[in-house]
2 protein chains.
Amino acid sequence: MKPGPTIQDIAAAAGVSKSTVSLVLQDSPRIKAETAEKVREAARTLGYVYNRGAANLRGRRSTTVGMVINDLTNPFFVELLVAIERVLAQSGYTTLMAHTAENVETQTRVLRSMREQNVAGLIMSPALGTPGSLTAEIQSWGIPLVLVMRPMGTDVDTVGVNNAHGFALSTEHLIQQGHTRIAFAGNRSGYTVANQRRQGYLSTMAAHGLAVEDNWIVDVELTPNGGRDAVRAIFDMKPRPTAVVCYNDQVAFGVLHELDRMGKRAGKALAVVGCDNVVASEHTNPPLTTLSAGADKLGTMASRTLLARLEGADDIGDDVVQFFAEPELIVRESSVGHQSARTAVEWRKGGSVQPARKSKDPV
Amino acid sequence: MKPGPTIQDIAAAAGVSKSTVSLVLQDSPRIKAETAEKVREAARTLGYVYNRGAANLRGRRSTTVGMVINDLTNPFFVELLVAIERVLAQSGYTTLMAHTAENVETQTRVLRSMREQNVAGLIMSPALGTPGSLTAEIQSWGIPLVLVMRPMGTDVDTVGVNNAHGFALSTEHLIQQGHTRIAFAGNRSGYTVANQRRQGYLSTMAAHGLAVEDNWIVDVELTPNGGRDAVRAIFDMKPRPTAVVCYNDQVAFGVLHELDRMGKRAGKALAVVGCDNVVASEHTNPPLTTLSAGADKLGTMASRTLLARLEGADDIGDDVVQFFAEPELIVRESSVGHQSARTAVEWRKGGSVQPARKSKDPV
DNA sequence: CTGAAAGCGCTTACAG
DNA sequence: CTGAAAGCGCTTACAG
């Protein structure tokens, strides 16, 4: 890294003071147009590069936002990250990215690092097992924090999904297809999101007077391999479930794959529903029925919430933002066409089954 | 952002000078152990947070690395990003992430922003259409640059893949399966990587005395939708190709999907080979034969190369690093079992067909 | 409309 | 072994 010219050098070249240069760089109207042009000219010829770090130090501000993400092997979180980065960049912020790979110690380390880097704010999807005290600790740092996807209490701005309602929709859909024995793949008791999803499934089953055997709630990894394990477990049950609600699309992909390996077809042999509507879910064989809450919308919402806090926008107020998008069910082939179900033709037209109710936009 | 204590405050609390505090924070051996402990104690009770920005400004260094990535909708680049971020974090660097979505203007903007943020170095997979002059320009900034996946001349450190050899392997494999009419899906004439891939395919066809019809080289988007278009085009040809080499796994996923929609099975109706071995390729229906160069290995290599430049390691020298990994072919069901081909049983045992030659590790 | 001065929170010779 | 001083590249009252 060679030195490079500073505002001092520009000042000398343009025959003005560095105060003037600084003001010109900030497009201040206090500087006469011709002076400004002279300064800009000098900056151009010298190849000046603004040093944002120095400016931030002096101005006690920061144009960097930290984004802590738990699982980039799940395309849903990638879609979220992309949306967040895009919106922040549009507003002039740079994104410091860190991946925790669902590891709480890594998360602690990167948060400390981001704090030292003086981030203006943080967006985080906390790793599973994050202690409940973390949000209060971050808030004590005096920078805004927005949680995405994984709520941790009502004291912190949160953008997520109404999981209970979503999984109720999925379960309802399967029941309407004629299924009565429906399994749930990807249990993670004790974690908020997992509890919500399981609860949405359980309460809908109960509402229809359908019993749920204990072993129908299959505890597997939240990965394609977990989905494969789930299929093997389900086909060992008798009488076996004819449908399965999966924790997310990653699990559902494994389910579709294992069924294919067994020479069976999802939809026919076992109705399958995922969650997240990742891009790939449209191109699986067969295409996957899944819940969509809109990664792009959620990411935009999370960024906007953080930006509102950063700019101290008054339309956001002091109230904690708790936004939970209402997912809609995207019906595709993986959940229709079962022998014991109604004809699937009406479903194959595609599209959403339920015009999702939108919550009020908080920012 | 409330003020927070500075080394000055610690100095006052511990009854020493701020010089001493600074040295203690740097674990300098020049400070007596008891003094150091006293300082650390004061820092702890005051809740001190190191201000890396101020340190970087004064020390004229930087602990931030910029990562500019062209397409995060392709999981391969996500795997690369994850590996790079992990290695950099282990070495104490923070990753500034920016996504260009294959847009050259966005790329220009984020590069400028990263330069202002004073990144110590850059890792970039350039957007398609990036002008050849860009690398020289970045190098004139005086910070190291490592290109990943997409070479731009021999003047800049580059970590990529031997695409020509990889696509030769794929084509060879299909020919050995008995195919003689083999298509290529995802043409992008004019781009280096695309040229290499097409060339690997063409030269292998030629080496076997197999003719290639013009329209077998199908120009489609490098996405699942492009793959679907390719299948429709291929099935319109007569006599039609019995196998297709896809530009990457994203295209291949679309191919598998469209075949399934047509009630056909990849492998049987059309042999399909992808490229990148993204995690999902193992779980498609049927599983996808593809080329693996190891995203994790490539990311690690790129980071290490940059780190070597940053630390001025002497084992790297002044020579430009040009590392191209030799891909290996992972044979799965999508390319075997065609009627006109040998029995597929021997292939189904899985595993790699070719123990890839590794290039010499450059760092 | 412009400049001189102070200072953001650090590090680094230099002196003792 | 420790401290006083200068300075990294900016911004921001304040004065004129």
Side-chain angles (χ1 to χ4, degrees), chain A residues 1-40 42-43 46-64 113 115-120 141-142, chain B residues 1-40 42-43 46-64 113 115-120 141-142:
Chain A
M1 272 171 292
K2 51 187 182 194
T6 71
I7 56 168
Q8 192 66 268
D9 300 316
I10 304 181
V16 297
S17 74
K18 67 191 173 107
S19 312
T20 302
V21 175
S22 177
L23 290 169
V24 170
L25 294 176
Q26 297 172 74
D27 285 318
S28 165
R30 289 166 48 196
I31 307 295
K32 199 167 36 167
E34 354 173 5
T35 314
E37 192 39 55
K38 205 170 50 180
V39 169
R40 273 189 265 272
L46 290 180
Y48 171 73
V49 178
Y50 186 69
N51 184 330
R52 199 165 294 280
N56 288 348
L57 176 58
R58 177 54 231 248
R60 299 162 145 285
R61 77 178 87 77
S62 162
T63 55
T64 300
S113 164
R115 191 183 181 196
E116 291 187 355
Q117 299 277 356
N118 190 32
V119 293
W141 298 353
Chain B
M1 274 172 292
K2 50 186 182 192
T6 71
I7 56 169
Q8 192 66 268
D9 300 316
I10 303 181
V16 297
S17 75
K18 67 191 175 108
S19 311
T20 302
V21 175
S22 177
L23 290 170
V24 170
L25 294 176
Q26 297 172 75
D27 284 319
S28 164
R30 287 167 48 196
I31 307 296
K32 198 168 39 167
E34 355 175 3
T35 314
E37 191 38 53
K38 203 169 51 179
V39 168
R40 272 190 265 272
L46 290 180
Y48 171 73
V49 178
Y50 187 70
N51 184 329
R52 199 165 294 281
N56 288 347
L57 175 58
R58 177 53 230 249
R60 299 161 146 286
R61 77 178 87 76
S62 162
T63 54
T64 299
S113 164
R115 191 182 181 199
E116 290 188 356
Q117 299 277 355
N118 189 33
V119 292
W141 298 352

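Labels below follow one simple rule: chain letters A, B, ... track the order of the sequence lines, proteins then strands, and each chain is numbered from 1. These numbers come from the heavy atoms of this one structure, side chains and all, not from hydrogens, waters or symmetry mates. On a predicted model such as this, the values are computed, not experimentally measured, just so you know.
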Tell me, please, which residues at least two apart from B:Arg30 pass side chain to side chain donor-acceptor pair (under 3.5 Å). none
Could you list the residues that satisfy side chain to side chain donor-acceptor pair (under 3.5 Å) with A:Glu37, not counting sequence neighbours? none
What residues 31-39 of chain B contributes to the DNA chain D interface at heavy-atom separation below 4.0 Å is B:Ile31, B:Lys32, B:Thr35
With a 4.0 angstrom cut-off to heavy atoms of chain A, pull out the first and last contacting nucleotide of DNA chain D, in 5'-to-3' order. D:dG9 to D:dC14
Show me the pairs that pass salt bridge (charged side-chain N to carboxylate O under 4.0 Å, His left out) and involve residues 49-58 of chain B, at least two apart or across chains. A:Glu116-B:Arg52
Want to settle it: does B:Arg30 or A:Pro5 sit nearer the 5' end of DNA chain D, counting the closest nucleotide to each? B:Arg30
For DNA chain C, which residues of residues 14-29 of chain A approach it to below 4.0 angstrom with any heavy atom? A:Val16, A:Ser17, A:Lys18, A:Ser19, A:Thr20
Pull out every residue in residues 51-58 of chain B that has a heavy atom closer than 4.0 Å to any atom of DNA chain C, ordered by number, or say none. B:Asn51, B:Ala54, B:Ala55, B:Arg58
Donor-acceptor pairs under 3.5 Å, side chain of residues 16-26 of chain B to any protein atom, not counting sequence neighbours: which ones?
{"unit_1": "B:Ser17", "atom_1": "OG", "unit_2": "B:Ser19", "atom_2": "N", "d": "3.3"}
{"unit_1": "B:Ser17", "atom_1": "OG", "unit_2": "B:Thr20", "atom_2": "N", "d": "3.3"}
{"unit_1": "B:Ser17", "atom_1": "OG", "unit_2": "B:Thr20", "atom_2": "OG1", "d": "3.2"}
{"unit_1": "B:Ser22", "atom_1": "OG", "unit_2": "B:Gln26", "atom_2": "NE2", "d": "3.0"}
{"unit_1": "B:Gln26", "atom_1": "NE2", "unit_2": "B:Ser22", "atom_2": "O", "d": "3.1"}

Side-chain donor-acceptor distances from residues 3-15 of chain B under 3.5 Å, at least two apart:
{"unit_1": "B:Thr6", "atom_1": "OG1", "unit_2": "B:Gln8", "atom_2": "N", "d": "3.1"}
{"unit_1": "B:Asp9", "atom_1": "OD2", "unit_2": "B:Thr6", "atom_2": "N", "d": "2.8"}

Here the gap from B:Leu57 atom CG to A:Asn51 atom CG, rounded to the nearest 0.5 Å, amounts to 6.0 Å
Stems field, DNA chain C, Watson-Crick or wobble, 3.5 Å, at least 3 pairs, by first number, holds C:1-3 with D:14-16, C:5-12 with D:5-12, C:14-16 with D:1-3
Of all the heavy-atom pairs spanning B:Arg40 and B:Asp27, show the shortest one and how long it is. NH1-OD1, 3.4 Å
B:Thr63 versus A:Gln117, closest heavy-atom pair with distance: OG1-NE2, 3.6 Å
